[in-house]
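Remarks on the structure that follows.
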Amino acid sequence: MTLSKHVDADKLSSELLSRAKKNTLSLTEQYIFDYDSNSAAPKYQIPEKSSNGDLVLRYVTEGLALDGIPTLNFASFVNTDLDPHAEKLITNNIVKNLADNDEYPSLIECQQRCINILANLWNAPVADDKNAIGTATTGSSEAIMLAGLAMKKTWQEKRKKAGKSIENPNILMASVAQVALEKFARYFDVEDRIIRVTAESNHLIDTTEIKKNIDENTIGIFVIVGSTFTGAFEPVEQISQLLDEVQEETGLDIPIHVDGASGGFIAPFAFPHLKWDFSVPRVVSINTSGHKFGLTTAGLGWVIWREVQYLPETLRFKLDYLGGVEETFGLNFSRPGFPVLHQYYNFLTFGREGYTKKFVSCLANARLLSNFLEGTGYYEVLSVIHRPVSAEEKKKIYTRAHDPNVHHKSKDLDNEDYMPGLPVVAFRFSDKFRQDYPDIPQAMVSLLLRNRQFIIPNYHLTPAEQEKEILRVVVKDNLPLNLLEKLMSAIVETTELLIRSHDAVVGALDSTKVTSDADRKALVYKVLLSITSNGVEDVKDVQRKTLDKPGTGHHKHKRSYRGAC
């Protein structure tokens, strides 16, 4: 007789609960039991009867206890911090619908104020500080869709006037593009011309490949200010100058949309002399995520256009809705209004001074972590914010004239002694470490850190560098120096645990009959995986097998090279 290889935990627990005596169960457990005499609380079907709200709250809360701790989530760019005043503002306005212009005019006014604040922060040519054109969105994904559609419609209108075909539009982007940029192309029938990134191009767009990918059907180019892989900024000004050359040579006028999902907030405060925004003439639109470094709760993005002429009339609708006439040009309609109020609260509370202090601190901590990791000898760092720039390089990178109306303290400009980028640390095993310990998979560092509650992803770079895996830490406001020291210690302890485990396994293998390098590596991997995951299967491997299974409706799994955001 052999033991079963699979146990249906839900079925077994339901059977045991159905036989349990009620007086032996806790209040919550009795509530679960009372759903049905033969099962636990329903998970996949709505229950027949109503239940006590207090008990349901407790049941759901207990179920969420195993979620990651937001404070230790260094994988995501999304803000996880909320101060009591903002929480009160959110709670008081949580039911307001941003689509109801006539019902909530003050809410809509706050949205327009935020749009103008961002437009002015990004140097848009706003005539009177009030008439900026833009909208709040549910995130940068919706914002990118709108910006891409605006470029497509503008291109189509020009082509129609010239009597030319509007078929086969294309758009350029680097292979480090966040998946929303590719979604735009796929969802709205635009060919995405993916330009490779390489180590030589600092894992950003290879600018030497841009010209050869442009033709008369090119509607524009997405330029990324804040790569999700390394946090580095693509050179907007340099790319604009290349496009100037294209126009001189071919007559093609190619616009730029800047994906500033994270960098749109970081750059104005941390790198004030970097030209990346509407001060670059070819930039027609910019998006950012309020819920990232805008420091709001999740569910808020922004897209701003340079001027109204860059948002075609065909994307704008006037509605007679709920007692008033309103204009809308979002992909979504009803959506919560409280994130907009949170953003406005942040603008007023932090101001330029507060945002600058926060981002200067984040960048300083990210540089400290970068230098620490390289100092261990175990890791090399692929992100660039800790790399000093020479005086000559500085003049080429930070080209904006100083604005005397912006009072930057000298220490706040220290960031411009380094390469620009997000407070992100992307790192991998050093060459020497990989040479000494070729059998240690880097992904196990992520697994072991997760066992200690630190959430740090490990993933592959883009196709041109697909063999490289990186670990990434997003250094946000919730990673102060005290916690950073604990993280640094945890990374070293984890790495050295893997080294000791590896040496022990290899030592034991020396006395076995395993001679094949492939068999040896596979066995070392299995033992280390068992150690790091407490015997649990490789989750990614299980997911791939499930997605690849015939008859599931899924395409053959292709390893994604898109980074976590």
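For the numbers below, each heavy atom of this structure counts, side chains included, while hydrogens, waters and symmetry mates do not. Numbers here simply count residues along the sequence, with the first being 1.
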Going by heavy atoms in the side chains, are Lys292 and Phe265 under 4.5 Å from each other?
-> no

Looking at Ile491, Leu449, Leu373, Val445, which one forms a side chain to side chain contact (heavy atoms under 4.5 Å, CB included) with Leu471?
-> Val445

Any side-chain heavy atom of Leu82 sitting closer than 4.5 Å to one from His342?
-> yes

Minimum side-chain heavy-atom gap Val505-Asp439 below 4.5 Å | no

Shortest non-hydrogen contact between Trp276 and Val258, atoms and distance | O-CG2, 3.7 Å

Does atom CZ of Arg450 have more than 12 heavy-atom neighbours from other groups under 6.0 Å away?
-> no

Side-chain (Ser361) to main-chain (Lys357) donor-acceptor, under 3.5 angstrom | no

Enclosure of Arg452 CZ (heavy-atom neighbours >12, cutoff 6.0 Å) | yes

Hey, does the side chain of His291 reach the backbone of Val78 with a donor-acceptor pair shorter than 3.5 angstrom?
-> no

Results of side-chain contact (heavy atoms from CB on, under 4.5 Å) for Asp503 - residues two or more places apart only = Tyr437, Ile499

side-chain contact (heavy atoms from CB on, under 4.5 Å) assessment of Leu331 paired with Leu149 = CA-CA 10 Å; Leu331 296 179; Leu149 278 171; 4.1 Å; yes

Kindly compute the distance separating CZ (Phe271) from CZ (Phe359), expressed to the nearest 0.5 Å.
-> 11.0 Å

Asn346 (side chain) donor-acceptor with Leu295 (main chain) under 3.5 angstrom = yes

Looking only at heavy atoms, what is the nearest atom pair of Val384 and Pro420, with distance?
-> CG2-O, 3.8 Å

So, Arg193 and Glu209, do they make that salt bridge, N to O below 4.0 Å?
-> no

Test item: side-chain donor near acceptor, Thr198 and Asp206, under 3.5 Å = no

Are side-chain heavy atoms of Arg500 and Leu497 found at a separation under 4.5 Å?
-> yes

Would you mind checking if Glu392 and Lys395 are paired as a salt bridge, meaning a charged N to carboxylate O distance below 4.0 Å?
-> yes

More than 12 heavy atoms of other groups within 6.0 Å of Lys468 NZ = yes

Any idea which heavy atoms bring Glu380 and Asp431 closest together, and the distance?
-> OE2-OD1, 3.8 Å

Taking only residues at least two apart or on different chains, which pairs with a member in residues 216-227 satisfy salt bridge (charged side-chain N to carboxylate O under 4.0 Å, His left out)?
-> Arg159-Glu216

Heavy-atom check, side chain of Val474 versus side chain of Ser76, under 4.5 Å | no

Min side-chain heavy-atom separation Pro255-Trp155 under 4.5 Å | no

Are Val283 and Asp277 close enough that some pair of their side-chain heavy atoms sits under 4.5 Å apart?
-> no

Is it true that a side-chain atom of Glu416 and a backbone atom of His273 form a donor plus acceptor pair closer than 3.5 Å?
-> yes

Rounded to the nearest 0.5 Å, what's the gap from OG on Ser262 to CZ on Phe233? Could you check?
-> 8.5 Å

Take atom NZ in Lys211; do more than 12 heavy atoms of anything else shown fall under 6.0 Å from it?
-> yes

Does Ser446 use its side chain to pair, donor to acceptor, with the backbone of Ile456 at less than 3.5 Å?
-> yes

If you draw a 6.0 Å radius around OH in Tyr187, do more than 12 non-hydrogen atoms from other residues or ligands fall strictly inside?
-> no

Where Ser175 and Thr462 come nearest, the two heavy atoms and their spacing = O-CG2, 3.1 Å

Run the ring-centre check on Phe429 versus Tyr379 and record whether the distance is less than 6.0 Å.
-> yes

Apply the test side-chain contact (heavy atoms from CB on, under 4.5 Å) to residues Val303 and Thr135: give CA-CA distance (whole Å), side-chain angles for both, the deciding distance (0.1 Å), then the verdict.
-> CA-CA 6 Å; Val303 58; Thr135 185; 3.7 Å; yes

Under 3.5 Å, side chain of Asp259 to main-chain N/O of Leu181, donor-acceptor pair present?
-> no

How close do Leu422 and Ser227 get, heavy atom to heavy atom, and via which atoms?
-> CD1-O, 4.3 Å

Answer yes or no: is there a donor N or O on one side and an acceptor on the other, between the side chain of Glu142 and the main chain of Thr138, under 3.5 Å?
-> yes

Can you name the nearest heavy-atom pair linking Ala366 to Ile385, along with the distance?
-> CB-CD1, 3.4 Å

Donor-acceptor contact present, side-chain Arg367 to main-chain His386, <3.5 Å | no

Is the side chain of Ser201 donor-acceptor paired with the backbone N or O of Val197 at a distance under 3.5 Å, no angle test?
-> no

Is a salt bridge present between Lys152 and Asp189, judged by a nitrogen-to-oxygen distance below 4.0 Å?
-> no

In this structure, OG of Ser140 is separated from CH2 of Trp302 (nearest 0.5 Å) by 12.0 Å

OG1 of Thr230 to CD1 of Ile470: how many Å apart, nearest 0.5 Å?
-> 7.0 Å

Are any non-hydrogen side-chain atoms of Leu243 and Ile214 less than 4.5 angstrom apart?
-> yes

In Å and rounded to the nearest 0.5 Å, what is the CD to CE distance from Gln178 to Met173?
-> 11.0 Å

Should we count CD of Glu467 as having more than 12 external heavy atoms under 6.0 Å?
-> yes

Leu487 vs Val473, side-chain contact (heavy atoms from CB on, under 4.5 Å): CA-CA, chis, key distance, verdict | CA-CA 10 Å; Leu487 173 62; Val473 174; 4.2 Å; yes

Enumerate the residue pairs fulfilling salt bridge (charged side-chain N to carboxylate O under 4.0 Å, His left out) with a member in residues 220-241, sequence neighbours excluded, ordered by first and then second residue.
-> Glu237-Lys275

side-chain contact (heavy atoms from CB on, under 4.5 Å) between Phe454 and Ile69, intermediate numbers included = CA-CA 8 Å; Phe454 291 112; Ile69 301 171; over 6 Å; no

Pairwise distance CG(Asn213) to CD(Glu191) - rounded to 0.5 angstrom | 8.5 Å

CA sep, side-chain torsions, deciding dist, call: Thr80, Asn478, side-chain hydrogen bond (donor to acceptor under 3.5 Å, both in side chains) = CA-CA 8 Å; Thr80 56; Asn478 64 340; 3.1 Å; yes

Between Phe293 and Tyr355, does the ring centre distance come in under 6.0 Å?
-> no

For Arg472 and Thr228, indicate whether the former's side chain and the latter's backbone hold a donor-acceptor pair under 3.5 Å.
-> yes

